[in-house]
Amino acid sequence: MPAPRGDLSAAVTALLTGGYPDLPGGPAVTAADPYGDDLQLALYLAYELHYRGFAGVGGHWEWDPDLLRLRRALEERFLTALRADTPRPESAAAALDALLVEPVDGDGVSHRLQESGELWQLREYAAQRSLYHLKEADPHAWVIPRLTGRAKAAMVAVEFDEFGGGRADRVHARLFAELMTDLGLDPAYGRYLDVTPAPMLAVVNQMSLFGLHRALRGALVGHFAAVEITSSPGSRRLAKALERAGAGPAAVHFYTEHVEADAVHEQIVRRDVVGGLLEEEPGLDADVAFGAASTEFLEDRLGGRLLAAWAAGRTSLREPLPAPQPVPAAA
């Protein structure tokens, strides 16, 4: 279990580790920063119970009524802020079209890393993204039983690739773990939760929020489409950044694998997942647009945190990473 970051996360931590605290009420949640460390960690802890959980925490907590009531309040605070702060595209098509436009003078994280990124910055980036990539395809799978026909078939096809096409050694989460090992990072699931700041927690919490609620199935499809559309060009830049910084072949391979795969996925998702869903349920167009636009909004917030810290010559994490661990020699 990670260390609490405020009253909300302290209450959830105490509950899951055998205490019986008075869980915070609505006023405490309403007063919390919706993007802050305390609320985002509390929400992350509640969501993790639906994934692999925590050592020593019983499986019965996944559906504990009191914890679910608190989670609902946290979700409403987060979702309300996201809806208020995310620009509203005219339509799902407009939102996705905007993501296809690559700026001539891009200044995002992948651009900076490709141009001048240092190995310590790439290690920090990978440590934070591990919370996402080690469970990347899992929350998207929750939407499968909520889709029908063309959208369901296409979603399963893309997820099949994400899960390695039936081969355990090709599962994308495993490929990212190998990237971490190549960078001298600990590839254990959840290892860097304690040092990961709120902007990255919000990115992960968003896909859990969308995935766990049938009412947000359109938003999850929009999130999935945004990820696939932006992945290929970003992965190309990150592969070049790793090559330039002298990272090992497994680190480079994770991103080169995504350059071609996600270029194909982009077309399938846009045409068949989004197209099939909106053909069946045209009323979800605004939700798909919100899912895509809010994904970009949160990624931009995360990018701002990373770039501001690195420009100042300091860590983007809550505390610096330890020195790289040596890569085990081949037997």
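The basis for the numbers below is simple: all heavy atoms, side chains too, and nothing from hydrogens, waters or symmetry mates. Numbers for residues simply follow the sequence, beginning at 1.
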Exam field: side chain [X] to backbone [Y], donor-acceptor pair closer than 3.5 Å:
| X | Y | answer |
| --- | --- | --- |
| Asp272 | Ala153 | no |
| Glu124 | Ser316 | yes |
| Asp37 | Arg5 | no |
| Tyr44 | Ala198 | no |
| Arg244 | Leu113 | yes |
| Thr256 | His253 | yes |
| Ser294 | Gly291 | yes |
| Ser232 | Glu228 | no |
| Arg71 | Tyr47 | no |

Minimum heavy-atom distance [X]-[Y], with the two atoms named:
| X | Y | result |
| --- | --- | --- |
| Arg112 | Leu307 | CG-CD2, 3.5 Å |
| Phe163 | Val171 | O-CG2, 3.2 Å |
| Leu41 | Pro2 | CD1-CG, 3.9 Å |
| Arg318 | Asp194 | NE-O, 3.3 Å |
| Leu134 | Pro187 | CD1-O, 3.8 Å |
| Phe297 | Asp85 | CZ-CB, 3.6 Å |

So that I can tick it off, tell me whether Glu280 and Arg146 are bridged by a salt bridge, with the cut-off set at under 4.0 angstrom between side-chain N and carboxylate O.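 No, Arg146 and Glu280 are not salt-bridged.
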Ion pair present between Arg52 and Glu48, side-chain N to carboxylate O less than 4.0 angstrom?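 Looking at Glu48 together with Arg52, the answer is no, because their closest N to O distance does not fall below 4.0 Å.
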Test side chain to side chain contact (heavy atoms under 4.5 Å, CB included) applied to [X] - qualifying residues, sequence neighbours left out:
| X | answer |
| --- | --- |
| Pro89 | Ala95, Ala289, Ala293 |
| Pro34 | Arg77, Ala81 |
| Glu279 | Arg150 |
| Ala11 | Leu23, Pro24 |

Between His50 and Trp63 (judged by ring centroids, cut-off 6.0 Å), do the two rings come close enough to count as a pair? yes
To the nearest 0.5 angstrom, please state how far the [atom1] atom of [X] sits from the [atom2] atom of [Y].
| X | Y | atom1 | atom2 | answer |
| --- | --- | --- | --- | --- |
| Arg129 | Leu122 | CZ | CG | 13.0 Å |
| Leu183 | Glu178 | CG | CD | 12.5 Å |
| Met200 | Ser130 | CE | OG | 8.0 Å |
| Asp161 | Ile268 | CG | CD1 | 7.0 Å |
| Leu99 | Thr295 | CG | OG1 | 8.5 Å |
| Leu45 | Met1 | CG | CE | 5.0 Å |

Salt bridge (charged side-chain N to carboxylate O under 4.0 Å, His left out) contacts in which one or both residues fall within residues 281-294, not counting sequence neighbours: Arg217-Glu281
Given side chains that start at C-beta, do those of Pro197 and Gln128 come closer than 4.5 Å, heavy atoms only?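 The answer is yes; the side chains approach within 4.5 Å.
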Taking salt bridge (charged side-chain N to carboxylate O under 4.0 Å, His left out) as the test, write out the residues that go with [X], two or more places apart.
| X | result |
| --- | --- |
| Glu296 | none |
| Asp97 | Arg270 |
| Arg236 | none |
| Glu159 | none |

Which residues share a ring pair (Phe, Tyr, Trp, His ring centres under 6.0 Å) with [X], sequence neighbours left out:
| X | answer |
| --- | --- |
| Trp61 | none |
| Phe176 | His133, Phe254 |
| His140 | His223, Phe224 |

Using the rule given for side-chain hydrogen bond (donor to acceptor under 3.5 Å, both in side chains), can you reason through Tyr255 versus Lys240, listing the C-alpha separation, both sets of side-chain angles and the distance that settles it, and then say yes or no? CA-CA 9 Å; Tyr255 286 109; Lys240 290 179 179 178; over 6 Å; no
Does atom CG of Asp64 have more than 12 heavy-atom neighbours from other groups under 6.0 Å away?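 Correct, the count exceeds 12.
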